[in-house]
Structure formats: structure tokens, C-alpha cells
Amino acid sequence: MCCAKVEKILSVLILIALWAALAAYAGGPIFSDELLYINIGLNNYQVPDYGNRYFHVYMQKLFMELAPNPLMGVRIYWAFLIAATALLIYWNARLFSKRSHIVHGLLGVTFFFSYGMISKYSGVTAADIAAMFMVTVFISTYLFYQRVTKGRKWALFLLGLVSFLAFKTKETTLFANVILLGLVFDKEGKFDLRQLKPLLKPLLLGVLASI
């Protein structure tokens, strides 16, 4: 088994172990907004003012429905967001450059967990945490598109899909779309709007699918 496969398998196993550990020792919601999101998910209320939080509400609802009780579902959901974000940060660091090393991925994860808010607000499923996860997924998809040679249209489709779902997690994620400017630069780093035209269709189809 090659080193790359071993690294992938190990990273997934570590994700599962980290997810379980975080869920076991997580706290719980302490703010009214988080309680509102939980209430909306449990009772299927319609709250138009929170329209750009609904993907967060739906994701949380899924975990609450599958868990033995809602509070445990919230803890498992929070742990998933943190663990999955850490895994994506690792692989983003690895994909960022062909010369990147395992050390770069580990450094990225270390910087992430050095952020005190993670432990301070353990188990608090604020929409900001879900937005963080969605932006990380968005960046991961963009890096994947830049690295692969096959299936690039599907990567663009996913970019459009994740972009809209991120926006429906929290509106501040809209600013993450600035990385899409990279699509209008050619391989030599020159600005070229002409190459954007064939990319628009799969991007827009992704947005349509997410709606």
C-alpha cells in the first residue's frame, strides 16, 4: 500500500476518533440563537428572519433526529463540524502546493486548534461554526478543481452547489466567493475573461441544484 493511501486512511480514522472524543466531552448550547435553531429544527417552525440559517438548521436537525436525544444530537453535530473542518484543513494544506508535506497539514490543524473559541464554546452550535465548515468545504472544492485534470465540470458544479448552501448557512459566507476570481486567470497567471464563459454553465447548474 502506497504512502498516499496510508495517509488517507489514517486521516479518516483520526477524524472518526476525534469526532467521537469531541462528542463525548462536548458542552451544550448556551445562547438564545442556538436554542432557537434547535427549536426550529425540532418543531419545523417557519422563521423567515432566519432564512439564511436554514441549511445549518437542516444539518443540525438531521443529527438530532438520528441521535437518542436532541441534546446528544447537537453535541455530535458540533463535534462533526469541528473534526471535519480539521480534516479538510489538513488536506487543503496538502493540496495547496505539489511540494507540500505532511508537516504542512499538521501545522494547519495545529493552528486551527490553537483557536481558543473552540474549547471555550464547546458544544455551542452557532451558525458561525457551520459557516466555517461550509467555507472550508468550498475552499476544498476549489483546490480540488485546480488540481484535477478529469471531472473538472463536476468540481465546478459542486462549487456552485456549495457556494449557495454556504450562503444559506450564514450570509457572511458570501465573501468566500472572492476565490472564484481565480477562475478567470490562465495557467500563466494572466487575466482572461474569455475562459470564464465555458465555466458558467456547470457553476450555475450547481447553484440551481442547491436551490
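Since this is a predicted model, take the numbers as computed values, not measurements.
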Taking atom [atom1] of [X] and atom [atom2] of [Y], what is their separation to the nearest 0.5 Å?
X	Y	atom1	atom2	result
Leu88	Asn92	CG	CG	6.0 Å
Lys8	Lys5	NZ	NZ	8.5 Å
Leu95	His104	CG	NE2	13.5 Å
Leu156	Leu205	CG	CG	10.5 Å
Lys153	Lys201	NZ	NZ	7.5 Å
Ser122	Met117	OG	CE	12.5 Å

Atom CZ of Phe96: over 12 foreign heavy atoms under 6.0 Å: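 Count not over threshold, so no.
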
If you count heavy atoms of other groups shown closer than 6.0 angstrom to CZ of Phe113, is the number above 12?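 Yes, because the 6.0 Å sphere around CZ of Phe113 holds more than 12 heavy atoms from other groups.
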
At their closest point, which heavy atom of [X] faces which heavy atom of [Y], and how far apart are they?
X	Y	answer
Ala67	Ile76	CB-CD1, 4.4 Å
Ala93	Gly105	CB-CA, 3.7 Å
Leu161	Ala209	CD1-CB, 4.2 Å
Ala86	Val109	O-CG2, 3.5 Å
Ala131	Thr169	N-CG2, 3.6 Å

Please step through side-chain contact (heavy atoms from CB on, under 4.5 Å) for the pair Leu143 and Ile139, ending with a clear verdict. CA-CA 6 Å; Leu143 289 174; Ile139 293 171; 4.1 Å; yes

Report yes if the side chains of [X] and [Y] come closer than 4.5 Å at any heavy-atom pair, otherwise no.
X	Y	value
Phe138	Ile179	yes
Ile102	Leu106	yes
Arg152	Gln146	yes
Met134	Phe55	yes
Arg53	Lys168	no
Tyr142	Asn177	no
Leu36	Tyr45	no

Evaluation steps, side-chain contact (heavy atoms from CB on, under 4.5 Å), between Lys61 and Tyr77: CA-CA 9 Å; Lys61 179 179 176 64; Tyr77 173 54; over 6 Å; no

Determine whether a donor-acceptor pair (N or O, by modelled atom type, separation under 3.5 Å) exists between the side chain of [X] and the backbone of [Y].
X	Y	answer
Ser119	Gly116	yes
Tyr54	Val47	yes
Asn69	Leu71	yes
Ser114	Phe111	yes
Arg75	Ala23	no

Take Leu203 and Leu183 through the test side-chain contact (heavy atoms from CB on, under 4.5 Å) and record every step on the way to the result. CA-CA 11 Å; Leu203 271 172; Leu183 299 177; 4.0 Å; yes

[X] with [Y], same ILVMFWY side-chain cluster at under 4.5 Å:
X	Y	result
Leu42	Met72	no
Leu22	Phe112	yes
Trp19	Val74	no
Ile38	Ile129	no
Met132	Val137	yes

Name the orientation class of the two ring planes belonging to [X] and [Y] (parallel below 30°, tilted from 30 to 60°, perpendicular beyond 60°).
X	Y	answer
Tyr37	Tyr50	perpendicular
Trp154	Phe157	perpendicular
Phe167	Phe164	tilted
Phe31	Tyr121	tilted

Got a sec, which residues hit side-chain hydrogen bond (donor to acceptor under 3.5 Å, both in side chains) with Thr173, two or more places apart in sequence or on another chain?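 side-chain hydrogen bond (donor to acceptor under 3.5 Å, both in side chains) list for Thr173, sorted by chain: empty.
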
Given the side-chain rings of Phe80 and Phe133, with only the six-membered ring counted for Trp, is the space between their centroids under 6.0 Å?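 Yes, they do, as the ring centres are separated by less than 6.0 Å.
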
